[in-house]
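The chain is numbered in sequence order, starting from 1. Whatever order the structure lists ligands and atoms in, that order sets their numbers, starting from 1.
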Amino acid sequence: MLGDRDGSMAQLLITGGAGFLGSHTCLVLLEAGHQLLVLDDFSNSSAISLERVAELAGVPLQRDQPTLKATPEAFTLVEGDIRDTQCLDALFASAKAFGQPIDAVIHFAGLKAVGESVQQPLRYWDVNVVGTQRLLTAMNFHHCRTIVFSSSATLYGYPHPNQIPIPETAPIQPINPYGASKHAAEALLADLAGCSGKPEPIQASSGGWRIARLRYFNPVGAHPSGRIGEDPNGIPNNLFPFITQVAVGRRPELTVFGDDWPTPDGTGVRDYIHVMDLAEGHREALHSLLNSDPQLLTLNLGSGQGASVLGVVKAMEATSQRAIPHRIAPRRPGDAAITVANPTLAAQQLHWRTQRSLTDICRDGWAWQQDNPNGYGEACL
Ligand code: NAD
Ligand code: UFG
């Protein structure tokens, strides 16, 4: 147990909570009865996502400053940067001064575009590594030692065909600065837990730290209401938002990067996980940490099922009842043929597994795209 709290109603800090994964997770955590403080600098999001989360959860969104002026209510938004140590200290100290110390952090804030990370490695290390280190320093100082960290299947690099589906013990071999920054943040968390260099995915930790490093596979889709979803800036790098934008007529055609991969139909295979399944995985990881002895957990969040590029195209065509024009192009540099999770450990440890299919993903992603053809860009609340 954590202090005198059993996690049934915790005060949580959600960094990057206005983003794609953070906004859906905020909704699930509010529905579970937790109080949330969101810290976001809006470098890749806007407050509209959180206004919509508040509407779906039936709670008001309170806006405040890092030095909180009012008692935090169910859902409070603070604009700030995770690299700003004064901001972090003010937030932890003022929550405590209002009698509501932060029990745990869910740390989504970060930069995530692989190509951009190759162009701007210093920026990626600054936000993803220095930002995480400053957050952990503030947590340590304020005796908040429970964190769920957004890691990535990108750490597995080009997985060996013998290791599909990929277990957490597969070799870690990042192949770009984004992956390297997630690897560094994972290593820092292991050092804090006193588990440096130990590969076991479940370990007792020291110093009171409760840590979950969650390695996401390919999170896609949207909340079934169509009110919140993924809103990429500019031309999407990722397959799923690109396909929905073609289906809705915002882009003329999809480029399929290679049909000569060693896969059943020659196109790349990925493990697509519905964003609501992912959000529920965070709830379960948090509850598991809050109710156990200090430990370091490293878990894949995936479905264990692979879908090819052409398989996703067909599924979206069936859902949208629209043709999705596509043409085959050469392979994209840096891509792996297949990445599919072995999700057994998360099932054992969290009693969690994905509930939603590729059909559900397409239905909900399509509803979001149709209702918000320009994302949150031209949205009326
Ligand atoms: P996102 O860009 O939608 O959300 C990230 C949020 O963090 C945004 O709201 C952004 O404004 C905020 N942010 C960025 N830098 C910040 C800073 N310095 N201070 C405060 N806030 C900051 O991305 P997402 O898809 O929701 O991803 C969330 C996390 O999950 C990221 O750490 C990402 O690396 C990781 N992840 C994402 C995927 C994916 O496919 N979406 C896969 C694996 C891992
Ligand atoms: N693809 C296309 N056309 C496109 C975009 C993608 O054919 O326009 C293909 C890719 O070649 C790949 C598959 O669709 O075979 C999936 O590609 P995504 O870009 O959607 O996803 P990735 O698996 O390459 O990478 C994503 C994130 C990473 C993250 C990883 C694991 O971009 O940051 O999932 O979570 F690390």
List ligand 1 atoms under 4.0 Å from [X], heavy atoms only on the residue side.
X: Phe42; value: 11 (O)
X: Gly80; value: 19 (N), 20 (C)
X: Ser45; value: 8 (C), 9 (O), 11 (O)
X: Ser43; value: 10 (C), 11 (O), 13 (N), 14 (C), 15 (N)
X: Ser150; value: 29 (C), 30 (O), 32 (O), 35 (C)

Stacked cation flag Arg227 on Trp368, 6.0 angstrom / 45 deg:
no

Which residue supplies the protein heavy atom nearest to [atom], what is that atom called, and how far is it?
atom: atom 40 (O) of ligand 1; answer: Pro219 CD, 3.3 Å
atom: atom 16 (C) of ligand 2; answer: Tyr272 OH, 3.5 Å
atom: atom 3 (O) of ligand 1; answer: Phe20 N, 2.9 Å
atom: atom 17 (O) of ligand 2; answer: Arg332 NH2, 3.4 Å
atom: atom 17 (C) of ligand 1; answer: Asp41 OD2, 3.3 Å
atom: atom 28 (C) of ligand 2; answer: Val114 CG2, 4.3 Å
atom: atom 18 (P) of ligand 2; answer: Asn238 ND2, 3.5 Å
atom: atom 1 (P) of ligand 1; answer: Asn44 ND2, 3.8 Å
atom: atom 27 (O) of ligand 1; answer: Leu21 CD1, 3.7 Å
atom: atom 11 (O) of ligand 2; answer: Asp335 OD2, 2.5 Å
atom: atom 26 (C) of ligand 2; answer: Asn218 ND2, 3.7 Å
atom: atom 19 (N) of ligand 1; answer: Ile82 N, 3.0 Å
atom: atom 25 (O) of ligand 1; answer: Lys112 NZ, 2.8 Å
atom: atom 10 (C) of ligand 1; answer: Asp40 OD1, 3.4 Å

Candidate pair Thr298 and Arg213, rule side-chain hydrogen bond (donor to acceptor under 3.5 Å, both in side chains), full reasoning:
CA-CA 5 Å; Thr298 307; Arg213 303 184 298 186; 2.9 Å; yes

Consider only side-chain N and O atoms of [X] and [Y], and report whether a donor and an acceptor are under 3.5 Å apart.
X: Tyr178; Y: Glu116; answer: no
X: Asp191; Y: Ser196; answer: yes
X: Asn218; Y: Asp271; answer: no
X: His34; Y: Asp103; answer: no
X: Arg270; Y: Asn238; answer: no
X: Thr354; Y: Asp277; answer: no

Please report whether ligand 2 has a polar contact with [X], defined as an N or O pair separated by less than 3.5 Å (distance criterion only).
X: Phe217; answer: yes
X: Thr154; answer: no
X: Leu239; answer: yes
X: Val309; answer: no
X: Arg270; answer: yes

Please state which part of [X] comes within less than 4.0 Å of ligand 1, counting heavy atoms only: side chain, backbone, both or neither.
X: Ser151; answer: backbone
X: Lys182; answer: side chain
X: Tyr178; answer: side chain

Check [X] against ligand 2 and report side chain, backbone, both or neither, counting heavy atoms closer than 4.0 Å.
X: Leu254; value: side chain
X: Phe257; value: both
X: Thr255; value: backbone
X: Lys112; value: backbone

Is Phe108 in polar range of ligand 1, meaning some N or O pair under 3.5 Å apart?
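By distance alone, the answer is yes.
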
Less than 3.5 Å between some nitrogen or oxygen of Leu39 and one of ligand 1, yes or no?
no

Do [X] side-chain atoms and [Y] backbone N/O form a donor-acceptor pair below 3.5 Å?
X: Arg322; Y: Ala247; result: yes
X: Asp64; Y: Lys69; result: yes
X: Thr15; Y: Ala109; result: yes
X: Ser150; Y: His107; result: yes
X: Thr76; Y: Pro72; result: no

Could you please spell out the steps behind the side-chain hydrogen bond (donor to acceptor under 3.5 Å, both in side chains) verdict for Asn372 and Arg52?
CA-CA 13 Å; Asn372 307 270; Arg52 299 238 181 128; 3.1 Å; yes

From the list Gln163, Gln173, Arg215, Glu168, side chain to side chain donor-acceptor pair (under 3.5 Å) with Tyr156 holds only for Arg215

Report the member of Ala329, Ala307, Ser152 with the shortest heavy-atom distance to atom 29 (C) of ligand 2.
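Of the listed residues, Ser152 has the closest heavy atom.
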
Nearest option to atom 7 (O) of ligand 1, as decided by whichever heavy atom of Gly17, Gly16, Ala113 sits closest
Gly16

Over 12 foreign heavy atoms within 6.0 Å of [atom1], [X]:
X: Arg353; atom1: CZ; answer: no
X: Phe141; atom1: CZ; answer: no
X: Glu253; atom1: CD; answer: yes

Residue pair Gln203, Gln295: steps toward the side-chain hydrogen bond (donor to acceptor under 3.5 Å, both in side chains) verdict
CA-CA 6 Å; Gln203 300 181 56; Gln295 58 182 324; over 6 Å; no

Does Tyr178 come within less than 4.0 angstrom of ligand 2, counting non-hydrogen atoms of the residue?
yes

So, for His282 and Phe108, is the gap between ring centers shorter than 6.0 Å?
yes

Which atoms of ligand 2 sit under 4.0 Å from any heavy atom of Val256?
7 (O)

Hey, mind stepping through Asp126 and Arg123 against salt bridge (Lys or Arg N to Asp or Glu O under 4.0 Å) and telling me if it holds?
CA-CA 5 Å; Asp126 191 32; Arg123 185 167 160 243; over 6 Å; no

